[in-house]
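Chain identifiers are assigned alphabetically (A, B, ...) following the order of the sequence lines, protein sequences preceding nucleic acid strands; residue numbering begins at 1 within each chain. Predicted, not measured: the structure shown is a model, and the values here were computed from it.
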Amino acid sequence: MRVRDLPLSAALVSHYESNGIEELYPPQAAAVEAGVAEGGRVVAAIPTASGKTFIAELAMLTAEGPALYIVPLRALAREKYETFDRLPGVSVGISTGDFDADEAELGDHDIVVATSEKVDSAIRNGAPWVERLACVVVDEVHLLGAPGRGPTLEVTLATLQRRVPDLQLVALSATVDNPEVIADWLDAALVESTWRPVSLRTGVYADETVEFDDGTDLDVVVPPTGPNDDEATEATVALVEDAVETGGQCLAFVRSRREAEALADRLAGEDLSPAPALGDELDELGGTATGRQLSECARTGVGFHHAGLRSAHRVAVENAFRDRRLAVICATPTLAAGVNVPARRVVIRDQKRYTGDSMAWIPVLDVHQMCGRAGRPHLDPFGEAVLVGDADTKAELFDRYVTADAEAVDSQFDDPEALRTHVLSVVASGFADSLDGVADVFSATYYAHQNPSVDLAELVADVVSELEAMELLDATGGTLSATTLGAQTSRQYVSPTTGARIVSGIRTIETMADEHVTARTALEIVCDTPDMHDTYLGNRERALMYQYARSHAAEFTTAMHDADPFEEWLTAVKTARILHEWTEGSDIEELVERYRIGPGDVESRVERAEWLLGAADALCAALDTDVPEFREVRALLSP
DNA sequence: TCTCCGCGTCTTTAGACAGCATGTC
DNA sequence: CTAAAGACGCGGAGA
C-alpha cells in the first residue's frame with residue numbers, strides 16, 4: 001500500500017514522499033485496512049518506531065472535524081506539536097499546564113495536542129471545543145494501568161465517548177499482554193504487530209559474551225577487573241565502547257541518579273568522542289555542581305540524564321544526542337518513556353530497582369520500552385539491546401525479559417484517592433447528581449469493563465460519604481451537589497485530600513495571632529498535601545529539621561505533637577523550608593548544596609507550589625476569607 | 001606523627017500531570 | 001516473594 005493511494009491531499013502526499021515515506025509499513029497498512037482513514041476506531045499495539053505517528057496523522061487528517069492528540073508528558077506534547085506543525089496546511093494548537101495557550105482559540109485548530117490531565121480539566125470546566133471533536137488519538141494508552149494517572153485517562157476517555165457520540169477513537173499502545181481488552185472496551189479494531197523497520201536483537205551479557213535472541217553472539221573483551229571494580233559496570237563500559245567504536249551511539253540505563261552520574265564519569269575517562277564546544281554550551285546554561293559535572297562529561301562525548309537535572313539541561317542532552325554530538329547517555333528510566341532518543345545500542349546494567357521497601361525487578365514493559373530505543377530508522381542497520389547479567393542470572397534474565405511478554409494493563413480506578421477525585425469531579429461538573437447517575441458515568445470506564453460484577457453504585461456510595469465528611473459534597477435529599485469548596489477543589493484540579501487539607505489550614509490560620517501567620521505558614525500547608533512531592537529527609541538532617549520545626553512551631557498550622565505521621569510532616573517542613581529560602585533569594589546552587597536535592601527537584605517543587613498556592617487562594621475566596629500570604633508567597637516564587 | 005588501607009556500619013535509593021478571573025489597553 | 005551499592009568512620013599498620 002502506498003501513501004499516494006490514501007485519501008490525502010496532494011500537498012500532504014508530497015510532504016510524506018519528500019520525507020521518504022512512500023510505502024506503508026505493514027502495521028500502518030493493517031491500520032488502514034482496519035479503517036483508520038475512514039473514521040474507524042482502532043487500537044494499535046505495536047512497537048516504538050514502527051510508525052505510530054503516521055497512523056495517528058492519518059486518522060486526524062482524514063477525520064471530518066478537529067482532532068485531539070492526548071499524550072502523557074509535556075515534553076512529548078511539545079515534540080508532537082512540532083511534528084504535526086510541519087504538515088502542510090494543518091493548523092496545530094498545544095495545551096499543557098506549563099504552556100500558556102489561549103484557550104479561546106483552541107477550537108480553531110485542526111489538531112490540538114494536550115496532556116491527559118489538561119483534557120480532563122478542560123472537560124470538567126466545560127471547554128466548548130471538546131464537543132466539536134471528530135477524532136481523538138491517545139498515545140501510550142497502556143498508561144491506563146499506571147497507578148495515580150491511569151484513572152484520569154480512563155475517566156477522560158469514558159466521558160469523551162459519552163459527550164461526543166460519533167467520535168473516532170484511535171489508541172496507540174506499547175505491546176502489552178491484553179490489548180484486546182482495551183480494544184474491546186473502546187469498541188475498536190485491534191491491530192497487533194511486533195514488526196519493526198529496523199531489526200532489533202535483544203540479548204543477555206555474561207562472561208564476555210552477549211547471547212542474542214536471534215541465535216547470534218557478540219564477544220566483548222572486558223579488561224580484568226581490579227578489587228574495586230564492579231563487574232557489571234566494567235562490562236557496561238566495554239559494551240558502550242564497542243558500540244561507539246563501530247560508529248554507533250549508545251544509551252546505558254542504570255538504577256539511580258547517582259549511578260548515572262558515576263557511570264558517566266567512568267566513561268568520560270575513556271575519551272570516546274570529544275566535543276569540547278558542547279561542554280562550553282552546557283556551561284552557559286548556568287552553574288550548579290551537577291551542571292558543571294555534566295559539561296565536563298560532555299566534553300568527552302558522554303552525557304547523563306535524570307529528573308534531578310534542570311529541564312534546560314535535559315533538553316540540551318537530548319538534542320546533543322540526536323545531533324550525534326554525544327556518543328553516550330547514562331540515564332535513569334526517564335529516557336525510556338520520554339521523547340524520541342534512539343540509539344544503536346541500549347545497555348541495561350541494572351534490572352532491579354528499590355521500590356520503597358525492597359529491591360524489585362523492573363516491570364517487563366519498562367525494560368521493553370528501554371530496549372525499544374535501540375535502532376534509529378534510516379541511520380542504523382540494526383538495533384541491539386543488551387541486559388548485563390552474569391553466569392548466575394543469565395537464564396533468568398532471558399526468561400524474564402527477552403522471551404517474556406509484557407504485563408497486562410489493569411485498571412487502577414478503585415484506588416480510594418482516584419475514586420474521590422473522580423466522584424467529586426463528575427458531580428461538580430454537573431454530569432450526575434445521584435449515586436446511580438455517577439455509577440452510570442463510571443459504567444463506561446475501563447475499570448467497569450474489566451470488573452463487570454462490581455456494583456458501582458455501592459462503590460460510589462462509600463466515597464460520597466467520605467466527600468461529605470470533607471465538606472466537598474452535599475447529599476441531602478438524595479441529590480448530590482458539590483459545595484462551594486468542592487466545586488473550587490475540582491476546578492483548581494487539586495485532589496480532594498489536598499482541598500480538605502488546605503481548608504483545615506485556612507481555618508487554623510483564622511485562630512492564630514496575626515504575627516504568627518507568615519510565608520512559612522502558607523508553605524507548610526501547601527507542602528503538607530499529597531499534591532506536593534515529598535523531599536527526601538536524610539537521617540543527618542533530621543535533627544536540624546526538627547530544631548527548625550520547633551523554632552517556628554508557632555507559625556505552623558500543625559502542632560508538632562499532633563503531626564501524624566510525624567516523619568511525613570517533617571518532610572513537608574523540609575520542602576517548605578527549601579521553598580521559603582528560595583523566596584528569600586537563595587539560588588538553586590545553594591539549595592542543592594544545603595539540602596542535597598537535584599536542581600531539577602527545586603525547579604519542579606517551585607512549579608507545584610505556585611499551582612497549589614493559587615488553589616489555596618481560590619479556596620480562601622470560597623470560604624469567604626482572605627489570607628494574603630498565599631498570594632504574596634506565590635508572587636515571590638516566580639521572580 | 002601522618003597517611004593510607006581494610007573493614008564494618010550507615011545511608012540512600014525513578015519519575016512528574018494539573019488553575020483562574022476580571023478589567024484594561 | 002525480594003536489597004544492594006556507595007559513603008563514611010574507625011582503628012591499626014606502615015612510612
(message) Please classify the nucleic acid contact of A:Arg596 as base, sugar-phosphate, or nothing, using heavy-atom distances under 4.0 Å.
(response) sugar-phosphate

(message) Closest approach to the side chain of A:Ala307, judged atom by atom: which nucleotide of C:dT2, B:dC17, B:dA16 is it?
(response) B:dA16

(request) Determine the contact category for A:Arg353: base if any of its heavy atoms lies under 4.0 Å from a base atom, sugar-phosphate if only primed atoms, P, OP1 or OP2 are that close, otherwise nothing. (result) base

(request) Have a look at A:Asn125 and say if it touches a base, only the backbone sugar-phosphate, or nothing, with a 4.0 Å heavy-atom cut-off. (result) sugar-phosphate

(message) Could you report the tightest heavy-atom contact between A:Ala337 and A:Leu73, atom names first, then the distance?
(response) O-CD1, 3.8 Å

(message) Let me confirm one number: the CG-CG distance from A:Leu335 to A:Leu251, rounded to the nearest 0.5 Å.
(response) 6.0 Å

(request) Tell me, please, which residues at least two apart from A:Thr571 pass side-chain contact (heavy atoms from CB on, under 4.5 Å). (result) A:Asp534, A:Leu537

(request) Classify the side-chain pair A:Glu524/A:Trp569 by whether it contains a donor and acceptor separated by less than 3.5 Å. (result) yes

(message) Please classify the nucleic acid contact of A:Arg314 as base, sugar-phosphate, or nothing, using heavy-atom distances under 4.0 Å.
(response) sugar-phosphate

(request) Starting at atom NZ of A:Lys118, determine the distance to atom P of B:dA16, rounded to an integer number of angstrom. (result) 19 Å

(request) Please measure how far the C1' atom in C:dT2 lies from the corresponding atom in B:dT13, and state the result in whole Å. (result) 15 Å

(message) Students often get this wrong, so: under 4.0 angstrom with heavy atoms, is A:Thr115 touching a base, only sugar-phosphate, or nothing?
(response) sugar-phosphate

(message) Checking side-chain polar atoms at under 3.5 Å, does A:Ser495 have a donor or acceptor matched by the opposite partner on A:Arg420?
(response) no

(message) Heavy atoms only, 4.0 Å cut-off, all strands: where does A:Ile362 land among base, sugar-phosphate and nothing?
(response) nothing

(request) Return yes if a side-chain donor-acceptor contact under 3.5 Å exists between A:Asp531 and A:Tyr493, otherwise no. (result) no

(request) Would you kindly say whether A:Thr575 and A:Thr535 are connected by a side-chain donor-acceptor distance under 3.5 Å? (result) yes

(request) Determine the contact category for A:Gly538: base if any of its heavy atoms lies under 4.0 Å from a base atom, sugar-phosphate if only primed atoms, P, OP1 or OP2 are that close, otherwise nothing. (result) sugar-phosphate

(request) Name the nucleic acid region contacted by A:His306, choosing base, sugar-phosphate or nothing; use a 4.0 angstrom heavy-atom cut-off, strictly under. (result) sugar-phosphate

(request) Quote, to the nearest angstrom, the P distance that separates C:dA5 from B:dA14. (result) 15 Å

(request) For A:Tyr536 and for A:Gly614, locate the closest nucleotide of DNA chain B by heavy-atom distance; then report the residue assigned to the nucleotide nearer the 5' terminus. (result) A:Tyr536

(request) For DNA chain B, find the residues of residues 492-503 of chain A with a heavy-atom distance under 4.0 Å and give them by number; none if there aren't any. (result) A:Gln492, A:Tyr493

(message) What does the 5'-to-3' dot-bracket notation of DNA chain B look like when only Watson-Crick and G-U wobble pairs under 3.5 Å count, and pairs to other strands show as |?
(response) |||||||||||||............

